[in-house]
Number of protein chains: 2
Amino acid sequence: MNKQKAQPVVGFSQHDHRRCVKKALKEADDYCELNQLRFTVVRRRTLGILLESHMAMGAYEVLERLKLEELGSKPPIAYRALGFLLENGFIHRIERLNAFVACSHPGSTHHPAFLICSDCGSVAEAAVSPNSDALSQTAEQSGFQIEHTTIEAEGQCPDCLQQVES
Amino acid sequence: MNKQKAQPVVGFSQHDHRRCVKKALKEADDYCELNQLRFTVVRRRTLGILLESHMAMGAYEVLERLKLEELGSKPPIAYRALGFLLENGFIHRIERLNAFVACSHPGSTHHPAFLICSDCGSVAEAAVSPNSDALSQTAEQSGFQIEHTTIEAEGQCPDCLQQVES
DNA sequence: TTAGTATTGATATAACATAACATTTTTTAC
DNA sequence: GTAAAAAATGTTATGTTATATCAATACTAA
């Protein structure tokens with residue numbers, strides 16, 4: 001096996017989730033204040049909804065939740081909020097699922113990679129350092145200038161693997 | 001820069017495209033014969049349509065082309081043919097574009113990676129060897145078992161970069 | 001306070017994808 | 001060679017994801 005150092009994974013481990021959500025929202029509050037971004041009720045609540053789950057959620061699923069709370073009821077409401085959150089790095093889009101997930105390392109610019117469990121649907125985010133992977137090397141070699149990368153792996157998470165064994 | 005060996009890229013270079021298409025179709029013919037797959041008119045023509053372009057094409061775009069030739073006219077026709085071609089490794093799906101592109105290295109199982117030009121829409125495929133990248137390492141470390149990877153980069157291809165400069 | 005800008009509300013529609021079932025074609029077994 | 005089975009295609013309908021457009025409201029700064 002290759003011994004190059006790997007990045008930590010968030011999502012497949014126990015943690016105090018209530019606290020984790022609160023902390024992330026607070027960080028978003030601070031970031032928006034600092035950068036003079038309008039962190040409106042819909043936007044903040046949309047982030048909250050995504051934070052409350054380690055699953056990726058579709059836009060219409062988010063919209064259902066917003067409806068329950070009388071915040072918007074039509075697709076553009078959800079898509080706009082999600083767009084804001086994406087732009088500012090609070091969430092990521094999972095292309096394979098046409099879905100969105102709260103960022104596990106907000107604040108810092110990074111090239112996220114995702115591990116998607118096809119059994120339970122949980123999504124873990126791993127930070128992959130740019131320029132270290134085969135893709136970047138291939139791009140550089142051919143003169144292609146990368147602006148954004150999508151790196152997603154689908155398979156079985158540790159928990160689901162164990163359940164099959166036992 | 002990292003000097004690890006990178007993989008060759010097809011797509012951003014000049015070549016005799018007519019011959020390239022013919023060769024790929026012939027290879028598909030042979031593969032299907034060998035594996036007793038039914039390479040029907042619709043399936044073969046669908047592959048031909050994708051081969052004729054280094055752009056990714058949406059299913060409905062492919063369907064339009066099939067319509068012109070009196071091969072099917074309804075979405076399932078295109079999606080079924082694309083499904084067959086995907087299953088057998090003749091084409092790949094580009095998640096970021098909801099589109100399909102002919103495989104550049106058919107025949108061998110591989111983990112494809114794509115370089116997508118956001119200016120001209122061309123798509124280049126690079127074969128990334130499994131287990132060599134940060135993603136596989138992260139997965140292995142956390143006990144996640146990868147079954148399929150999606151690796152896509154969006155940016156500017158060499159040709160489009162040059163056009164901006166000049 | 002008013003002019004400009006950003007956000008939200010609402011309607012409509014575009015773009016992508018599949019379920020379900022009928023019909024036709026091909027393969028296989030006899 | 002023909003009947004039964006399997007695979008592929010034809011067709012209708014609908015489900016899912018996403019955006020364009022314009023009107024109304026709220027916030028910001030001069």
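Please read all numbers here as calculations on a predicted model, not as lab measurements.
- Here the side chains of F90(A) and F84(A) are in contact, with some heavy-atom distance below 4.5 Å.
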H92(A) vs F100(A), test: ring-ring contact (aromatic ring centres under 6.0 Å, His included). Steps then yes/no.
CA-CA 6 Å; H92(A) 298 294; F100(A) 305 84; over 10 Å; no
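- Under a 4.0 Å N-O distance rule, the pair E52(B)/R45(B) qualifies as a salt bridge.
- Computed from coordinates, the F84(A) CZ to dT8(C) P distance equals 9 Å when rounded to whole Å.
- In terms of position on DNA chain D, the residue among K74(B) and L37(B) whose nearest nucleotide sits closer to the 5' end is L37(B).
- The separation between L82(B) atom CG and dT9(D) atom P is 12 Å, rounded to whole Å.
- Following rounding to the nearest Å, R93(B) (CZ) and dA15(C) (P) show an atom-to-atom distance of 16 Å.
- Atom P of nucleotide dC16(C) and atom CD of E64(B) are separated by 12 Å, given to the nearest angstrom.
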Carefully, step by step, assess T46(A) and I91(A) under the rule side-chain contact (heavy atoms from CB on, under 4.5 Å).
CA-CA 10 Å; T46(A) 300; I91(A) 66 174; 6.0 Å; no
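- The separation between L71(B) atom CG and dT24(C) atom C1' is 16 Å, rounded to whole Å.
- Annotation: salt bridge (Lys or Arg N to Asp or Glu O under 4.0 Å) contacts of K22(A) (sequence neighbours excluded): none.
- Distances shown here put every side-chain N or O of R80(A) at or beyond 4.0 Å from the OP1 or OP2 atom of dA20(D).
- If you take CD1 of I94(B) and C1' of dC16(C), they are 16 Å apart, rounded to a whole angstrom.
- We find that CG of L63(B) is positioned 13 Å from C1' of dT11(D), with the value rounded to whole Å.
- Annotation: E95(B), atom CD; neighbour count of heavy atoms from other residues, nucleotides and ligands within 6.0 Å is above 12.
- In this structure, CG of N88(A) is placed 14 Å from P of dA6(C), rounded to the nearest angstrom.
- Below the 3.5 angstrom threshold, one finds no donor paired with an acceptor across the side chain of Y79(B) and the base of dA19(C).
- Near-neighbour residues of DNA chain C inside residues 38-46 of chain A, defined by a heavy atom below 4.0 Å, number-ordered: R38(A), T40(A), R43(A).
- Put simply, Y60(A) rests on the base of dT17(D): the two rings are less than 5.5 Å apart at their centres and nearly parallel, under 30°.
- Between E61(B) and R65(B) there is no salt bridge, since no side-chain N of the basic residue sits under 4.0 Å from a carboxylate O of the acidic one.
- Candidate nucleotides dA18(D), dG9(C), dA17(C) were compared by shortest atom distance to the side chain of I77(A), and dG9(C) ranks first.
- Comparing N98(B) and A81(B) against DNA chain D, the residue whose closest nucleotide sits nearer the 5' end is A81(B).
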